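In this text the structure is predicted, and so the values were computed from the model without any measurement. Below, chain A is the first sequence line, B the second, and so on; all start at residue 1.
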2 protein chains.
Amino acid sequence: MHNPLTAEVSQSCDDCPIRHRAVCARCEADELEVLDSIKYYRAYEAGQTILWSGDRMEFVGSVVRGVASLTQTMEDGRTQMVGLLLPSDFVGRPGRDSAAYDVVATTDIVMCCFRKKPFEEMMARTPHLAQRLLEMTLDELDAAREWMLVLGRKTAREKIASLLSIIARRDATLNLSAGAGPLEFDLPLTREAMADYLGLTLETVSRQINALKRDGVIELKGKRHVTVPDFDLLNEEAGDDSDGGMLS
Amino acid sequence: MHNPLTAEVSQSCDDCPIRHRAVCARCEADELEVLDSIKYYRAYEAGQTILWSGDRMEFVGSVVRGVASLTQTMEDGRTQMVGLLLPSDFVGRPGRDSAAYDVVATTDIVMCCFRKKPFEEMMARTPHLAQRLLEMTLDELDAAREWMLVLGRKTAREKIASLLSIIARRDATLNLSAGAGPLEFDLPLTREAMADYLGLTLETVSRQINALKRDGVIELKGKRHVTVPDFDLLNEEAGDDSDGGMLS
DNA sequence: GAAACTCCTTGATTCAGATCAAACGCGCGA
DNA sequence: TCGCGCGTTTGATCTGAATCAAGGAGTTTC
């Protein structure tokens with residue numbers, strides 16, 4: 001198994017390039033050592049399927065760079081993206097043998113992986129690791145349920161605004177650009193990928209994005225670079241006034 | 001705090017009326033004793049809100065009898081049910097202070113609760129409890145993501161069939177009526193509650209249920225009692241052929 | 001530098017499900 | 001027994017997003 005990025009491995013928790021939150025939260029020296037000894041990096045190209053639903057999984061890990069998605073597909077080809085994996089997000093199901101969804105690289109991506117078996121053994125020994133994973137899984141559950149509201153009850157325009165809001169938020173916290181002022185970020189998804197996430201068609205996504213632009217809610221430089229002049233306004237469009245002040 | 005059902009408390013894991021799966025999986029005598037010492041029962045009437053989103057939670061627990069739902073509501077009143085709690089389902093977020101959703105009793109309901117603080121203390125001491133909870137949370141996450149496919153990509157008819165299938169399955173496993181033959185169960189939800197779960201209107205729910213009846217996929221005795229002559233057929237209607245044989 | 005991609009936009013038309021509106025059935029308390 | 005309220009059904013109409021169809025714009029490939 002080729003390991004293209006071993007050079008990036010770091011022993012220090014603070015500057016660990018992968019930010020694997022499962023560990024960093026309450027790391028202890030000897031645990032980190034174990035984890036480093038079972039960790040490796042893998043790179044995938046945009047479009048590659050990292051894991052097929054039903055596949056045996058031999059690792060857990062997190063996204064270092066790039067974007068991946070969890071996708072479900074029906075026999076007739078209808079697909080729904082059920083999770084968006086951005087840098088620092090965790091992948092894997094400790095205690096489960098097989099993947100429940102396709103994991104697809106949406107952009108070129110680098111993953112930091114831990115071999116599953118030793119990871120689980122370690123988990124059985126260190127209670128706070130299991131607790132940390134539980135917390136992370138609860139976060140994911142919250143995100144999934146928030147998304148159920150988006151899918152079930154929001155209009156196309158609101159869906160787009162919700163997605164942009166989430167990506168903007170994630171991007172801002174990751175880059176620590178916590179100031180007020182306009183937010184700016186690259187859209188890591190094609191119109192089709194957005195449609196699959198939002199339960200829409202790509203045509204509708206295109207129309208609504210351009211409608212938001214026409215209405216001054218967002219600005220576009222090229223098709224993939226977005227500027228949000230007023231984050232509160234975007235959240236209002238998303239029909240979601242909650243925590244609008246989080247970044248301002 | 002009134003405790004209407006203390007009489008039902010049982011020390012034995014096997015016939016514990018609440019089936020709190022977090023414990024029963026790998027129970028040990030002294031753990032059970034601790035758990036019993038911090039457990040109490042509560043009853044709620046249909047329509048009562050057990051917990052408001054944002055409320056401080058002082059317990060975790062599971063449903064003994066009846067049905068509850070996790071609900072999210074937008075400022076303008078649109079609501080989406082994000083979780084259906086049937087008997088044996090776990091409620092609560094160990095490690096979290098406040099509820100993320102409204103928890104509403106859909107029918108009269110009995111909950112078995114553990115006081116949160118001591119439960120968490122116990123969790124920190126016993127690794128397999130945290131691991132068990134992690135597994136349960138992963139199950140919930142799977143369920144939520146499966147539901148995202150339903151909400152995002154299925155037609156009204158498929159949505160109804162999916163819901164009926166889930167309830168039928170749960171009902172069958174709970175009552176151990178694992179034989180082949182027609183399934184039969186009571187619908188614990190009003191048309192409106194179904195609509196909130198499926199991202200539809202109650203009129204559409206009504207129409208589609210009667211359409212399924214007209215087409216012989218289900219039979220109705222009264223408005224709330226359903227018979228499914230052919231479970232595979234129902235799953236086909238749900239657009240979900242997977243594991244059709246689970247019960248047959 | 002043209003062909004062949006892939007991704008995105010835009011327009012015309014259709015249709016599933018929402019909305020608006022009315023009425024039915026059934027249990028329940030007065 | 002009579003309303004009365006709640007959940008449900010059913011019908012008529014409307015509409016937001018899907019579908020079908022065509023073209024544009026930016027790449028890679030040879």
Open item on the list: For a side chain to side chain contact (heavy atoms under 4.5 Å, CB included) check, start with the C-alpha distance between B:L151 and B:Q80, then their side-chain angles and the critical distance, and finish with the verdict.
Closed with: CA-CA 10 Å; B:L151 288 174; B:Q80 175 66 48; 3.9 Å; yes

Check whether any side-chain nitrogen or oxygen of [X] sits under 4.0 Å from OP1 or OP2 of [N], and answer yes or no.
X	N	result
A:R207	C:dT10	no
B:T201	C:dA18	yes
A:R224	C:dC8	yes

What nucleotide, of [options], holds the atom closest to the side chain of [X]?
X	options	result
A:E203	D:dC20, C:dG17, C:dT9	D:dC20
A:T155	C:dT10, D:dT10, D:dA17	D:dA17
A:K223	C:dG17, D:dA17, C:dC8	C:dC8
B:A156	D:dA17, C:dG17, C:dT19	C:dG17
B:T204	D:dT10, C:dG17, C:dC8	C:dG17

TODO: State, without any angle test, whether B:S165 and B:S162 hold a side-chain donor-acceptor pair at a distance under 3.5 Å.
DONE: no

- [ ] Measure the CG-CG distance between B:L164 and B:L187 for me, rounded to the nearest 0.5 Å.
- [x] 6.0 Å

Quickly work out the [X] [atom1] to [N] [atom2] distance and round it to whole Å.
X	N	atom1	atom2	answer
A:E158	D:dG16	CD	C1'	12 Å
B:I209	D:dT10	CD1	P	12 Å
A:L202	C:dG11	CG	C1'	15 Å
B:L198	C:dA18	CG	P	10 Å
A:M194	D:dA18	CE	P	14 Å
A:L151	D:dG16	CG	C1'	17 Å
A:K154	D:dA17	NZ	P	13 Å
B:L220	D:dT8	CG	P	11 Å

- [ ] Tell me which of A:G199 and B:E192 sits closer to the 5' end of DNA chain D, going by the nucleotide each one is nearest to.
- [x] B:E192

Open item on the list: For a quick check of understanding: with a heavy-atom distance under 4.0 Å over all strands, which category does B:L200 fall into, base, sugar-phosphate or nothing?
Closed with: sugar-phosphate

Open item on the list: Students often get this wrong, so: under 4.0 angstrom with heavy atoms, is B:G47 touching a base, only sugar-phosphate, or nothing?
Closed with: nothing

- [ ] Would you check if the side chain of B:T137 reaches a backbone N or O of A:T137 as a donor-acceptor pair within less than 3.5 Å?
- [x] no

Task: 5′-ward residue of the pair A:R191/A:R153 relative to DNA chain C - done: A:R191

Open item on the list: What I'd like to find out is whether the side chain of B:V104 reaches to under 4.5 Å of the side chain of B:Q48, using heavy atoms alone.
Closed with: no

